[in-house]
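Computed over heavy atoms, backbone and side chain alike; hydrogens, waters and symmetry mates excluded.
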Amino acid sequence: MRTVIGLEIHVQLATETKLFCSCSANYFAAPPNTLTCPVCLGMPGALPVLNRRAVELALRVALALGAEVQEISRFDRKNYFYPDLPKGYQITQRDFPLAVGGTLAFRVDGEEHTVRIREMHIEEDAGKLIHTEDGALVDMNRCGVPLIEIVTEPDIHSPREAKEFLRALRTLLRHLRVSNADMEKGELRCDANISVSRDGELGTKTEIKNLNSFRAVERALGAEDERQRELLARGAVVEQVTFGWDERAGRLILQRTKEEAHDYRYFPEPDLVPLVVTREWLERVRAKMPELPWVREERFVREYGLSPKDAGVLIEEPMRADYFEEVVRACGSAQEAAGWVLSEILRYWKGDSPPLSAEALGELIRAVQSGKISRTNAKETLEEAISSGRNPMELVSEKGLSLLADEAELRRVAEEVVAENPKAVEDFRAGKKQAIGFLVGQAMRKTGGRADAKKLSRIFLEILGSN
Amino acid sequence: MEITDALMRRLEVLAGFELSPEEREALRDDLARILSYFQKLQELDTEGVPPFEPLPGVRNVFREDKPRDSLPQHEALKNAPRRDDGYFVVPRVFGEP
């Protein structure tokens with residue numbers, strides 16, 4: 001038995017205004033129904049006018065996916081009644097979508113997968129409902145916010161693959177600066193179709209709607225995959241139904257059966273003229289495309305000598321990749337920058353901005369490289385700088401963490417250690433060369449880790465050799 | 001085309017109407033007549049005729065992505081039969097769209 005999954009993904013485009021009117025699209029945290037106008041409220045006679053920026057952002061995605069942008073695309077009305085849709089229809093593109101075809105490649109446990117894209121179109125978002133005992137509260141601020149819908153071919157074969165595909169898509173969308181694509185905020189939403197095929201012929205598919213986190217995508221598909229396999233294994237039939245997903249309870253909720261399937265009565269939107277994307281326009285969009293994540297990953301490997309794995313982690317978030325490159329510029333070493341960002345900074349990076357400025361980290365790295373401070377102390381300083389919000393080099397000088405580089409001082413400490421550890425000295429003279437390590441360790445303890453271990457080791461050899 | 005009871009009920013659901021038996025009968029006759037006009041129209045040979053365009057030849061009418069003031073909340077809610085704390089209030093809804 002083989003699982004076959006196709007996804008329909010909705011992405012909110014990061015425009016300033018809505019798709020067909022000049023209301024602000026930044027509805028997050030806005031009081032309810034303060035970002036509306038006759039157009040997005042569906043008042044009689046109000047006419048939609050297409051947002052050019054929304055088209056350009058959609059074109060970026062189409063180009064990045066290698067899709068074929070259609071010279072002429074059109075808008076259609078999808079008719080249904082639901083209180084979050086004041087017009088009684090959603091403006092979308094069905095018969096002539098913006099782009100068709102394309103692919104997105106991604107890795108699952110190091111193995112490369114490619115999913116083909118069927119089509120991609122522009123449409124408008126609906127409002128938001130809050131269900132209460134007494135009725136539903138409706139907020140139309142989100143109504144009319146631009147979306148793109150990306151429909152994949154059924155090229156995904158496990159719930160895990162579906163999740164990784166979505167992650168790769170989110171990475172792409174963020175690098176393209178077309179959307180923040182935060183699933184928690186509903187900026188990226190996913191519906192999934194899944195069927196289990198026996199003997200190579202396609203099985204009956206079911207749909208799971210409104211998967212709002214990566215975890216939900218994997219879990220919901222896992223549950224449905226298991227349910228269908230179990231049905232088929234005992235010779236039962238899979239019905240064509242639509243589910244929702246209850247994340248808290250971790251279970252599928254039946255929403256409708258085949259008989260209840262909608263009839264959307266699509267027809268061409270008479271209030272909008274056709275959208276024509278000329279070759280020149282497309283080339284202008286292409287010229288302004290940000291660096292694609294896979295191109296950047298490859299460049300990190302080539303230009304900075306990073307391992308593909310490290311480069312992959314760095315490009316997961318464009319902000320992370322930008323930060324890494326700033327640190328490289330600030331400290332002059334890509335290897336050091338990658339090491340510090342990956343093993344230290346990422347542990348503290350929670351919000352939208354890096355926990356420490358690239359300049360401050362660069363300065364700290366340079367201090368380690370020039371032997372001014374030990375690596376161990378630098379790491380401790382980093383932690384303290386991040387938790388206190390202070391400059392790490394200030395902390396270094398304040399706490400006297402600068403390495404003891406003064407030859408005379410180091411020699412004084414070494415002589416003390418030699419005097420206090422006759423046993424180790426004897427061992428060394430008897431040929432146990434590793435006793436030097438013990439003596440260096442003792443000297444480090446005396447100096448609170450501030451001594452330069454290499455220098456110390458040389459000084460010990462000099463003292464013991466001269467006797 | 002025969003306008004069956006089942007079709008009438010389906011159209012009512014799709015249109016969001018509920019008709020009285022008298023209305024239903026009257027509308028059934030109207031619909032039958034309307035459909036016969038369209039059947040007549042369908043006899044026309046439309047081979048080579050381009051599909052309908054609202055404004056023939058007009059392409060690419062755009063807005064720039066510049067926000068403008070929206071309606072004040074009280075204006076937006078003014079025509080609503082029920083409202084509460086800045087929201088439109090509608091009867092309880094079941095299921096998903």
Side-chain angles (χ1 to χ4, degrees), chain A residues 15-17 20-26 31-38 40-41 49-55 72 79-85 88 126-127 129-141 209-210 242 244 255-256 262-263 265 268-277, chain B residues 4 6-19 31 34-35 38 41 46 49-97:
Chain A
T15 53
E16 290 297 319
T17 65
F20 297 117
C21 62
S22 299
C23 289
S24 167
N26 298 316
N33 297 305
T34 52
L35 304 174
T36 68
C37 72
C40 56
L41 286 177
V49 186
L50 183 59
N51 182 340
R52 184 199 302 268
R53 178 78 179 155
V55 177
I72 297 186
N79 299 280
Y80 63 93
F81 291 123
Y82 203 67
D84 63 5
L85 193 71
L129 294 186
I130 302 170
H131 299 277
T132 71
E133 280 304 304
D134 189 35
L137 306 177
V138 190
D139 175 10
M140 292 301 179
N141 285 347
K209 291 190 89 80
N210 289 321
T242 302
Q255 280 184 352
R256 58 178 178 254
H262 278 293
D263 176 355
R265 293 150 295 142
E269 166 58 81
D271 290 340
L272 287 165
V273 297
L275 168 61
V276 176
V277 180
Chain B
T4 60
L7 179 58
M8 283 304 290
R9 275 194 299 275
R10 184 167 160 69
L11 289 173
E12 283 176 39
V13 169
L14 289 175
F17 290 153
E18 204 177 327
L19 300 172
L31 274 174
I34 293 167
L35 279 177
F38 278 89
L41 278 173
T46 56
V49 178
F52 165 79
E53 277 190 32
L55 292 162
V58 180
R59 301 281 186 268
N60 287 2
V61 177
F62 294 120
R63 261 180 42 244
E64 293 310 313
D65 190 27
K66 297 262 175 353
R68 280 201 273 180
D69 285 348
S70 294
L71 291 174
Q73 191 188 59
H74 69 271
E75 282 285 320
L77 295 170
K78 205 159 81 179
N79 298 329
R82 274 184 78 194
R83 47 186 178 255
D84 182 23
D85 205 19
Y87 291 94
F88 296 93
V89 183
V90 297
R92 279 188 75 176
V93 279
F94 298 96
E96 294 289 319

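Closest non-hydrogen pair, Met140(A) versus Phe88(B), comes out as CG-CE1, 4.0 Å. The heavy-atom pair separating Val93(B) from Pro83(A) by the smallest distance is CG1-CG, 3.3 Å.
In this model, no donor atom of one side chain and acceptor atom of the other lie less than 3.5 Å apart for Thr15(A) and Asp65(B).
Taking CG from Leu71(B) and OG1 from Thr34(A), the interatomic distance works out to 10.5 Å, rounded to the nearest 0.5 Å. Atoms CG and OG, on Asp69(B) and Ser24(A) in that order, are 10.5 Å from each other to the nearest 0.5 Å. For the atom pair OH (Tyr80(A)) and CG (Leu14(B)), the distance works out to 14.5 Å, reported to the nearest 0.5 Å. In this structure, Arg82(B) CZ and Leu137(A) CG are separated by 9.0 Å, a value rounded to the nearest 0.5 Å.
Salt-bridge check for Glu16(A) with Lys66(B): failed, with every basic side-chain N at 4.0 Å or more from each acidic carboxylate O. Salt-bridge annotation for Arg92(B) and Asp134(A): absent, with no side-chain N of the basic residue lying under 4.0 Å from a carboxylate O of the acidic one.
The side-chain heavy atoms of Val89(B) and Val138(A), taken from C-beta on, include no pair separated by under 4.5 Å. Within the 4.5 Å cutoff, no side-chain heavy atoms of Leu50(A) are placed close to those of Arg63(B).
Highest contact tally toward chain B, considering only Ser22(A), Gly135(A), Cys37(A), is held by Ser22(A) [criterion: heavy-atom pairs under 4.5 Å].
Using modelled atom types, no side-chain atom of Arg59(B) and backbone atom of Val276(A) make a donor-acceptor pair closer than 3.5 Å. In terms of modelled atom types and a separation under 3.5 Å, the side chain of Asn33(A) and the main chain of Gln73(B) share no donor-acceptor contact.
Leu129(A) touches chain B through its side chain: at least one heavy atom from C-beta onward sits under 4.5 Å away, while N, CA, C and O do not.
Partners of Arg68(B) under the side-chain hydrogen bond (donor to acceptor under 3.5 Å, both in side chains) rule, at least two apart in sequence or in another chain, do not exist in this structure.
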